[in-house]
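In this chain, residues are counted from 1 in sequence order. Every number for a ligand or one of its atoms is a count from 1 in the order of the listing.
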Amino acid sequence: MPDFPAGFRWGVSTSAYQIEGATTVDGRGPSIWDTFAHEPGRIVDGSTGDEACDHYHRHAEDTALLAGLGVSAYRFSVAWPRVQPTGAGPAHAAGLDFYDRLVDGLLAAGVDPVATLFHWDLPQALEDAGGWLNRDTAARFAEYADLTAARLGDRVKLWITLNEPFIHMSLGHGIGTHAPGRMLLFDAFPVAHHQLLGHGLAVAALRARTASPVAIANNYSPVRQVGDTDADRAAAQAYDALHNLLFTDPLLGRGYPDAPGLDPAVIHDGDLDVLAAPIDVLGVNYYNPTGIRAPEEGSPLPFEMVPLDGYPRTAFDWPVAPDGLRELLLQLHDRYGDALPPVQVTESGCAYDDVPDAQGRVDDPDRIAYLDGHVRAVHEAITAGVPVTGYFVWSLLDNWEWAEGFTKRFGLVHVDYPTQRRTPKSSYAWFRDLVRR
Ligand code: FCB
């Protein structure tokens, strides 16, 4: 493995609903994911995040795993319904106490706390008032950011406003496979704009409370056009605008791209200035490229997704394509030039069906190969001049993978859910050695 620049940040990521459990403890309110997971048929194995990895009670053990890994940073998310059980009103102290303990434990272990404010677990009471379709949710989000930073702003080293607003819009509100389960297709655009407005307002709220840098974590997927008719080209452009440009162009001062579904009536005067509040870091979550061709006649979508041939595949059936990470980092650099802030890869990882052997060891050579390829792709991008300053593996632990329930394991650490026993996999040792070097 080639050398990385001094000060490069190595980390791992998780999110609240996927690991914490304790969903009714210490006054936490319900979130849209509690509601959704409890609806029959939503989650493939019928599971919920009620217990997840029980991290709420086991955070000290998990912090020890981080210390053993030697990472310089840990990206977790704050559950909004712990801080404001109904999404409004004063901070709920008992909820913030948990993050206070977590952050202090991380600092004592020499690990920088990196906090994401919204990783999809909207308080249910806000959903009942329209959720992200309602413009007021953006203002509520900024208020929550302020309350959280008032308590943790002196110790969190990097703030991330939103996680993957594209995925929350498209899966949560476009096709309904994620909470809150709405199927609006392109009528979901207000969810994009209101999340980005909330991001901009939260940036301002955070600046007033903390000197720590502020970021957003977007999901990116380089588009591989399949077929070469004009219609295929138009389809690839439409998908690229929706997935890759819609949530980045307005933040970096370019306004909205020409993307399907964009509704100018939702954008009020002055909004674009709020969205373009300078950020210090752009978080990049990358899993795989997307194959796109022209849709069939009569399709409600202006593109069709097609599986990409010729790649190894993960247990999620996602193609393993480290070249896509280098490609997207170079594309960001080419498109935004000097307007691109330093980039940190805030999620990168893979699911495999990891099973302990007779001795209880979990050997996951496929994950090691995956991470090795992606870390090298980051290095190539740095060599080509892209300012990448960090890389976070998704995820520290096997955890509750949204609509896939417990069926997809992404961790460097295996979790036996019935006993909550943690077993570091061989990828944990591999990543520890990489970080050490
Ligand atoms: C990302 C999510 C994260 C996890 C990984 C596999 O889209 O941000 O919570 O589910 O995918």
Side-chain angles (χ1 to χ4, degrees), residues 11-21 31-33 36-37 42-45 47-49 52-53 55 74-80 114-122 160-175 177-179 191 195 199 215-222 242-244 247 282-290 305 313-321 324-325 328 344-354 364 366-367 370-371 374 391-413 415 427:
V12 289
S13 297
T14 64
S15 89
Y17 190 71
Q18 295 180 273
I19 64 166
E20 286 180 1
S31 79
I32 57 173
W33 270 100
F36 187 81
R42 294 295 202 182
I43 312 300
V44 293
D45 59 359
S47 65
T48 71
C53 304
H55 169 77
Y74 172 53
R75 174 178 174 233
F76 61 96
S77 81
V78 176
W80 187 348
V114 173
T116 305
L117 286 165
F118 182 67
H119 203 122
W120 307 345
D121 45 359
L122 190 77
I160 297 175
T161 55
L162 306 175
N163 179 69
E164 299 187 351
F166 168 71
I167 302 293
H168 192 53
M169 174 189 76
S170 56
L171 301 193
H173 301 77
I175 61 172
T177 55
H178 276 191
V191 174
Q195 285 185 94
H199 156 83
I216 187 170
N218 276 326
N219 183 290
Y220 293 99
S221 181
L242 198 63
H243 193 139
N244 297 311
F247 294 88
L282 179 67
V284 164
N285 294 0
Y286 169 73
Y287 290 91
N288 52 266
T290 305
M305 291 186 179
R313 311 192 84 82
T314 70
F316 227 129
D317 211 26
W318 293 347
V320 178
L325 178 53
L328 93 82
Q344 297 191 10
V345 177
T346 32
E347 286 183 26
S348 167
C350 50
Y352 288 107
D353 296 328
D354 307 311
D364 56 345
D366 290 340
R367 180 169 292 98
Y370 184 102
L371 296 175
H374 287 73
Y391 178 89
F392 292 72
V393 174
W394 182 273
S395 180
L396 171 65
L397 303 170
D398 290 342
N399 59 47
W400 192 80
E401 176 52 34
W402 309 116
E404 304 296 318
F406 290 115
T407 67
K408 298 289 181 288
R409 295 181 176 274
F410 276 89
L412 298 177
V413 175
V415 178
S427 58

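Taking the six-membered ring for Trp, His55 and Phe76 have ring centres at least 6.0 Å apart.
At the shortest separation from atom 3 (C) of ligand 1 among protein heavy atoms lies Glu347 OE1, 3.5 Å.
Listed by number with element, the atoms of ligand 1 under 4.0 Å from a non-hydrogen atom of Phe410 are 6 (C). Here is the list of ligand 1 atoms found below 4.0 Å of a heavy atom in Trp402: 3 (C), 4 (C), 9 (O), 10 (O). Ligand 1 places these atoms under 4.0 Å from at least one heavy atom of Asn163: 8 (O). Which parts of ligand 1 touch His119 is read off a 4.0 Å heavy-atom cut-off, strictly below it: atoms 2 (C), 3 (C), 8 (O), 9 (O). Set against the non-hydrogen atoms of Glu164, the atoms of ligand 1 under 4.0 Å away are 1 (C), 2 (C), 7 (O), 8 (O).
Look at Phe316 and you'll find every heavy atom at least 4.0 Å from all atoms of ligand 1.
Checked against a 3.5 angstrom limit, the closest N/O atoms of Ser15 and ligand 1 fall outside it. When only interatomic distances are considered, the shortest N/O to N/O separation between Asn219 and ligand 1 does not fall below 3.5 Å.
Residues that satisfy the salt bridge (charged side-chain N to carboxylate O under 4.0 Å, His left out) test with Arg367, not counting sequence neighbours, are Asp354, Asp364. Looking at residues two or more places apart in sequence or on another chain, you find a side chain to side chain donor-acceptor pair (under 3.5 Å) between Asp45 and Ser47.
Counting only distance, with no hydrogens or angles, the side chain of Ser77 and the backbone of Leu117 share no donor-acceptor pair below 3.5 Å.
Contacts with ligand 1 closer than 4.0 Å are made by side-chain heavy atoms of Glu401 only, the backbone lying farther away.
Here the straight-line distance linking atom CD1 of Ile43 with atom CD of Glu401 works out to 10.0 Å at 0.5 Å rounding. In this structure, CZ on Phe410 lies 7.5 Å from SG on Cys350, to the nearest 0.5 angstrom.
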Given Leu282 and Tyr220, is the side chain to side chain contact (heavy atoms under 4.5 Å, CB included) satisfied, shown in steps?
CA-CA 11 Å; Leu282 179 67; Tyr220 293 99; 3.6 Å; yes
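Taking all heavy atoms of Tyr287, Phe166, Trp394 into account, the minimum distance to atom 11 (O) of ligand 1 is reached by Tyr287.
Side-chain contact check for Thr14 and Tyr74: at least one donor-acceptor pair (N or O, by modelled atom type) lies under 3.5 Å.
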